[in-house]
**Student:** 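First, the structure itself, so that you have it in front of you.
Every chain is numbered from 1, with letters handed out A, B, ... down the list of sequences. What you see below is based on every heavy atom in this structure, not just the backbone, and it leaves out hydrogens, waters and symmetry mates.
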Protein chains: 2
Amino acid sequence: MVNGNLGIKDIAKLAAVSIGTVDRVLNNRSGVAPATREKVLDIIKQTGYKKNLVASRLKLAKNKVIKVAVLAPTPRNEHSYWNLPLQGVNRAIQELSAMGVSSAYFYFNQLNHQHFREQIDKIFQEEFHALITVPFFESESNMLLRKAKEKNIPVVFLDTERELLYSSNFIRQNALNAGLVAGRLLHGLVGDEGTYVVVNILNDRGKQINNLQRESGFRSYFKHLPNKTHIKHFTINHPLEDDFDLSPELKTLAKGPTKFGIFVTNSRSFLLPSIIKENNISNYHLIGFDLNKKNIAYLKSGEIDFLINQKPQYQGYTAIKGLYKFLTEGDNSQLNIDIPVEIVVKENVEYYCAR
Amino acid sequence: MVNGNLGIKDIAKLAAVSIGTVDRVLNNRSGVAPATREKVLDIIKQTGYKKNLVASRLKLAKNKVIKVAVLAPTPRNEHSYWNLPLQGVNRAIQELSAMGVSSAYFYFNQLNHQHFREQIDKIFQEEFHALITVPFFESESNMLLRKAKEKNIPVVFLDTERELLYSSNFIRQNALNAGLVAGRLLHGLVGDEGTYVVVNILNDRGKQINNLQRESGFRSYFKHLPNKTHIKHFTINHPLEDDFDLSPELKTLAKGPTKFGIFVTNSRSFLLPSIIKENNISNYHLIGFDLNKKNIAYLKSGEIDFLINQKPQYQGYTAIKGLYKFLTEGDNSQLNIDIPVEIVVKENVEYYCAR
DNA sequence: TTAAATATCGTGTACGTTAACGAATATACC
DNA sequence: GGTATATTCGTTAACGTACACGATATTTAA
């Protein structure tokens, strides 16, 4: 055996049984006398035997393929955010294809609850061993979880959009924490005497829980500062379709000498620079989320100061890897991951947009 | 075959030869007629056959164990920096132990060239398949590279301390880029009207190339600013053992209202806060490198603003993974890695110090 | 032309684990 | 006690690749 480790054969010899019996004990199948089982388990404990996952998977690959279903919103275009986790999923699937892991993709219309349900039904008709999806619709997601629990299928949710009834596995960034980080970064640039604006740019489905939590984290940072006297806070909730305009009060402030600190709670910070110019604001700092093309361009031109990365590709990648570990080793420690709040500036953006 | 992929057996059938012949072609061994070889290669190209590394390793595990030698400075204590890459190495080795990868550790005295040589000799006496080390001593590192090239053993260097004669593989952070990032972060906090101090805290072996490059990157950031008029720059080269003191000019400035921006080019930024207090400087910002205990404590207390992480554990981890990929697949793309310049603040430090 | 040498290629076994199959023993029932 | 049924356990053939060995076919030398 490699590394001086023992194999199932050695265990069998030590326990004076056949490899078949050892295998039955290891995979706790029936057909072993209690005394024999004890004896084998003893040897296993004593020797610290660990099964060779490579050999195990080699044998199982043909019979027990691991099929993972991935259910994501239909991407609007090739630059859509939801393509990114799928890229990570693909990379992980490629790495594990030799181990018999495969995936199937399902898409749902972002505005259509019914369509989501249909896709769920489709998935549960086929035989999958795990499911990766996004908590878009609250009641539907809970329904999904209930069904999955019945069938004993592990579910991993990427990102945070909803709070869910049933406890489940999440791979996501702590939105409150991200808000705190944004608070620190923006306060460092703007200082105590500035005007702070939180911009929630709402999408079709209204304000989401992570927008709320990011804002709350941001505000909480300022609450805990020693001298918070001169800080003015505004919140703009801006539906995506509407024309974007500053409030009269902000317009007045914009004419003064005040420094602006603008925090966009989602990936649409690229909408701000043009509006800022229209209002003749020059002394401002801007922070947003996600490394999409437009955001990166503004980051490079200096019109966005910081971006916070949620590592969407990594989310998909680590979801597959975590599920594999769970399904083969029973180790669920990689199914709940707090994605680091990654700070991106012009000078280090290259490292992060590559993948 | 898994995933509809073909196996060596299918290739053999398609090419109307035996699997032995296909194997000879794949591992380009001798004993195949040119025409047959062509035929098989054709089929391989057409089908896009990729060998199953799992099965391959399973077979090879007993015969061809991959042994990696790791040569690092003797850690001064359990919190020593050089323990961190070794932790990453260990993690990777554990993951790959089933694939027959093992490691052996060698340590050298940081001040003793001769000792380094002795360890190198020891390593080359045994049969290793790869070597991971640190470019501490220039001439000795080059000697090592020469020997390794003779024996055809891949070498990976972690971190940058020296420029080396022979080209080799490096897993390290771009020090110039890190300096640029530090420049942006500090300038954001201090602004155009500040006094900037670069502090090089030298260790036993004098100033190292990454200290120089970090400083040069930092300065270069300010050179490219539109309005660079009021920025004052100082550099303090401080041998670790000496008492640390500010220059007369800096002491005078310290009495005035100027904002200080202090950039420590290595992991010893934790030495600064006490000195700053002694000189009654209150209006300052401080940035340094590495997530050691003392730095983290000051980051949490607010006396350090930013830390730049070099991900030492990841360096060790990715070195092993990269070597494995090279030795098994011949893919050397993971042997030269530019470690991201990771920005750490109080609010996201938890994500990074866990591992 | 024939034996020897070489080139080319197929066969078979092994890696460690799994699981079907069947053999051996133990238990139940009439 | 004898047959039927359960329980327990050993044997063996895969999974896909690697490589030693031996079997042909081809070339070389005499």
**Student:** dC15(D) P sits how many Å from K51(A) NZ, rounded?
**Tutor:**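 Roughly 19 Å, once rounded to whole Å.
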**Student:** Check whether any side-chain N or O of S30(B) sits under 4.0 Å from OP1 or OP2 of dA7(C), and answer yes or no.
**Tutor:**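 So the side-chain polar atoms of S30(B) never come under 4.0 Å of the phosphate oxygens OP1 or OP2 of dA7(C).
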**Student:** Given dC15(D), dG10(C), dG12(C), identify the nucleotide with an atom nearest to the side chain of S18(B).
**Tutor:**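 Nearest to the side-chain atoms of S18(B), counting from C-beta on, is dG10(C).
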**Student:** Expressed as a whole number of angstroms, how long is the span from Y49(A):OH to dG16(C):C1'?
**Tutor:**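 Answer to the nearest Å: 8 Å.
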**Student:** Which residue lies toward the 5' end of DNA chain D, I19(A) or R37(A), if each is placed at its nearest nucleotide?
**Tutor:**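 Closest to the 5' end, via its nearest nucleotide, is R37(A).
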**Student:** Is N332(B) reaching over with its side chain to a backbone N or O of L335(B), donor-acceptor style, under 3.5 angstrom?
**Tutor:**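 No, the answer is negative, given that no donor and acceptor are paired below the 3.5 Å cut-off.
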**Student:** Could you give the angle between the helix axes at the two ends of the helix from dT1(C)-dA30(D) to dC30(C)-dG1(D), with five pairs per end, rounded to 10 degrees?
**Tutor:**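 It works out to 50° between the end axes.
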**Student:** Starting at the 5' end of DNA chain C, which residue's closest nucleotide do you reach first, A55(B) or V32(B)?
**Tutor:**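 It is V32(B) whose nearest nucleotide is closer to the 5' end.
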**Student:** Whether the N174(B) and Y351(A) side chains hold a donor-acceptor pair (N or O, under 3.5 Å, no angle test) is what I'd like checked.
**Tutor:**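 No, no side-chain donor-acceptor contact under 3.5 Å.
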**Student:** Which is true for T36(B) with a 4.0 Å heavy-atom rule: it touches a base, it touches only sugar-phosphate, or it touches nothing?
**Tutor:**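 The residue T36(B) makes sugar-phosphate contact but no base contact.
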**Student:** Establish whether the base of dG10(D) is bridged to the side chain of R24(A) by a donor-acceptor pair shorter than 3.5 Å.
**Tutor:**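 It does, because a donor-acceptor pair links the side chain of R24(A) to the base of dG10(D) below 3.5 Å.
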**Student:** Tell me which nucleotide among dC9(D), dC19(D), dT12(D) gets nearest to the side chain of N27(B).
**Tutor:**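 Among the listed nucleotides, the one closest to the side chain of N27(B) is dC19(D).
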**Student:** Nearest whole Å is fine: how far is dG10(D) P from R29(A) CZ?
**Tutor:**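 The distance from CZ of R29(A) to P of dG10(D) comes to 14 Å, rounded to the nearest Å.
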**Student:** Under the rule for salt bridge (Lys or Arg N to Asp or Glu O under 4.0 Å), what residues qualify as partners of R146(A), not counting sequence neighbours?
**Tutor:**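 Expected list: none.
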**Student:** Answer yes if the side chains of Y324(A) and Q334(A) hold a donor-acceptor pair under 3.5 Å, and no otherwise.
**Tutor:**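 No - no donor-acceptor pair under 3.5 Å links their side chains.
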**Student:** Whole angstroms only, please: what is the NZ-P distance between K9(B) and dC15(D)?
**Tutor:**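 Checked: the NZ to P distance equals 5 Å.
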**Student:** Roughly, in whole Å, what's the span from CG in L58(A) to C1' in dC15(D)?
**Tutor:**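 Taking atom C1' of dC15(D) as the reference, CG of L58(A) is at 4 Å.
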**Student:** Select base, sugar-phosphate, or nothing to describe what V17(B) touches, counting heavy atoms under 4.0 Å on all strands.
**Tutor:**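 It contacts sugar-phosphate atoms only.
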**Student:** Looking at dG10(C), I'd like to know if its phosphate oxygens (OP1 or OP2) sit under 4.0 Å from a side-chain N or O belonging to T21(B).
**Tutor:**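 For dG10(C), OP1 or OP2 has a side-chain N or O of T21(B) closer than 4.0 Å.
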**Student:** Which whole-number value in Å describes the distance from M99(A) CE to dG16(D) P?
**Tutor:**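 Roughly 14 Å, once rounded to whole Å.
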**Student:** Any side-chain heavy atom of V17(B) sitting closer than 4.5 Å to one from V40(B)?
**Tutor:**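 Heavy-atom side-chain distance check passes, below 4.5 Å.
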**Student:** Short question: side chain of Q315(B), backbone of L158(B) - any donor-acceptor pair under 3.5 Å?
**Tutor:**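 Looks like no, no N/O pair under 3.5 Å.
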**Student:** Whole angstroms only, please: what is the CG-P distance between L26(B) and dC9(C)?
**Tutor:**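 Computing the L26(B):CG to dC9(C):P distance gives 15 Å.
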**Student:** Closest approach of V134(A) and F157(A), non-hydrogen atoms and distance?
**Tutor:**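 Reported closest heavy-atom pair: C-CD2, 3.8 Å.
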**Student:** Roughly, in whole Å, what's the span from CG in L53(A) to P in dG16(D)?
**Tutor:**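 Going from L53(A) (CG) to dG16(D) (P), I get 18 Å.
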